[in-house]
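The block underneath contains the structure these notes are about, expressed in structure tokens.
When a ligand or atom number is given, it counts from 1 through the structure's own listing order. Here the structure is a predicted model, which means the values were calculated and not measured.
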Amino acid sequence: MGHMDSKIVIVGPQGAGKGTHAQLLCKDYDFVHISIGDIFRWHMTHHTKLAARVTRIMNEGRLVPDEIVEQVVASRLEEHDWNYGFVLDGFPRTRSQAEYLFEGWNLDHAIYLDIPDDMVFQRVMSRAAMGQGSGFTKRADDNPAALRVRLQEYHEKTSPLLELFQKKGMLLTVDANRSVPEVYQDMREGLRLPPPKK
Ligand code: AMP
């Protein structure tokens, strides 16, 4: 069977499983996983010039200005190492970021991982409590105050974004409040991807 060649964005609050499911899709179908949060965290670890512009914003749980994020996304996509497609994780988060993306790239699907806020709190706080030893990276902004700010901002910005994807007929909403295999199977079927090879 040939490769599927899909350009996918995955949207959902922190703790919804964006990273996990993006990685599963990439492992099974040779897409490239592009996590914007990871790119920013890389810059913070390496104390780059970009990090100096975004560290405080990120630690306060706010969104980095569109102009900075768009530059990071554009230069990452222009590397063009994603011949079989990509899964973009963490971008777009606003309607204007989505419009920016549509100007330059033809997206195939937007996956929305739908999960209630109280589940987000539960997942993120237990992840933060487990800390680094368990394989999760502890984030500077994993505290209740920052999470509350992020979730509020998230809801305000995400609704217009989902509307836009819906209008373009490319939105796949998945109930993310279930086990990873259940969510993943729904997602695969919704994307019309064949069962992965073992
Ligand atoms: P994430 O790991 O996706 O939760 O991203 C971590 C942080 O990076 C966010 O809390 C924002 O401060 C910043 N960030 C990531 N993606 C975006 C985006 N698309 N727009 C603005 N800020 C972003």
Side-chain angles (χ1 to χ4, degrees), residues 7-26 32-78 86-105 107 110-115 117 119-128 130-132 135-165 176:
K7 294 188 267 316
I8 298 168
V9 302
I10 189 160
V11 181
Q14 191 193 345
K18 295 191 298 287
T20 300
H21 290 287
Q23 277 166 15
L24 286 171
L25 285 171
C26 292
V32 171
H33 179 204
I34 301 177
S35 160
I36 304 310
D38 283 352
I39 295 176
F40 282 137
R41 282 185 286 276
W42 183 92
H43 283 274
M44 285 163 74
T45 304
H46 294 87
H47 304 285
T48 65
K49 267 192 195 167
L50 179 68
R53 300 171 70 192
V54 302
T55 300
R56 174 141 46 100
I57 296 172
M58 284 181 65
N59 286 345
E60 287 171 357
R62 290 183 294 129
L63 290 181
V64 170
D66 284 350
E67 160 221 336
I68 298 178
V69 192
E70 285 166 5
Q71 212 176 301
V72 167
V73 170
S75 66
R76 179 63 189 82
L77 289 179
E78 276 155 19
F86 57 74
V87 181
L88 196 48
D89 161 6
F91 187 95
R93 268 177 156 89
T94 66
R95 186 162 175 136
S96 73
Q97 289 180 2
E99 277 157 1
Y100 173 83
L101 197 58
F102 286 129
E103 281 169 24
W105 291 273
L107 295 181
I111 302 168
Y112 174 49
L113 292 180
D114 192 12
I115 183 167
D117 281 0
M119 279 308 301
V120 172
F121 259 86
Q122 221 168 294
R123 287 190 185 188
V124 174
M125 289 307 134
S126 68
R127 184 168 77 179
M130 282 193 278
Q132 287 183 330
F136 288 110
T137 309
K138 172 135 178 54
R139 298 165 39 144
D141 57 348
D142 273 346
N143 62 74
L147 180 55
R148 216 159 283 130
V149 173
R150 273 207 305 279
L151 271 176
Q152 190 191 340
E153 192 173 24
Y154 164 79
H155 287 298
E156 278 165 23
K157 307 244 157 119
T158 303
S159 331
L161 182 62
L162 297 179
E163 257 167 47
L164 181 61
F165 290 138

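Atoms of ligand 1 lying under 4.0 Å from at least one heavy atom of Gln97, given by number and element, are 18 (C), 19 (N), 20 (N), 21 (C). The atoms of ligand 1 that sit less than 4.0 Å from any heavy atom of Arg150 are 10 (O). Close contacts of ligand 1 with Ile36, meaning ligand atoms under 4.0 Å from a residue heavy atom, involve 16 (N).
Close N/O approach between Met58 and ligand 1 is not found [any backbone or side-chain N/O within under 3.5 Å]. For ligand 1, the polar-atom distance check against Arg62 finds a nitrogen or oxygen pair separated by under 3.5 Å. At under 3.5 Å, not a single nitrogen or oxygen of Lys18, backbone or side chain, sits near a nitrogen or oxygen of ligand 1. Polar contact with ligand 1: present for Arg41 (N/O pair, distance under 3.5 Å).
Comparing Pro65, Gly90, Ala146, Ala98 by heavy-atom distance to atom 19 (N) of ligand 1, the nearest is Gly90. Counting only non-hydrogen atoms, the option in Lys157, Arg93, Glu153 that gets closest to atom 16 (N) of ligand 1 is Arg93. When Thr94, Val64, Asp66, Ile39 are checked for heavy-atom proximity to atom 22 (N) of ligand 1, Val64 turns out nearest.
Arg127 places a side-chain heavy atom less than 4.5 Å from the side chain of Gln14.
If you take CD on Gln71 and CG on Leu50, they are separated by 8.0 Å, rounding to the nearest 0.5 Å. Taken from CD1 in Ile10 to OG in Ser35, the straight-line distance is 11.0 Å, to the nearest 0.5 Å. Here OG1 of Thr158 is found 13.0 Å from CZ of Arg95. Values are rounded to the nearest 0.5 Å.
For the pair Glu70 and Gln97, the tightest heavy-atom approach, listed with the atom from each and the gap, is OE2-CA, 3.8 Å. Residues Arg93 and Gly90 approach most closely at NH1-O, 2.8 Å, considering heavy atoms. Of all the heavy atoms in Gly12 and Lys18, the pair that sits closest is O-NZ, 2.8 Å.
Proximity of Val69 to ligand 1, defined as any heavy-atom pair under 4.0 Å, is confined to the side chain (atoms from C-beta onward).
For the side-chain contact (heavy atoms from CB on, under 4.5 Å) criterion with Tyr112, the lone passing option out of Leu161, Val9, Val11 is Val11.
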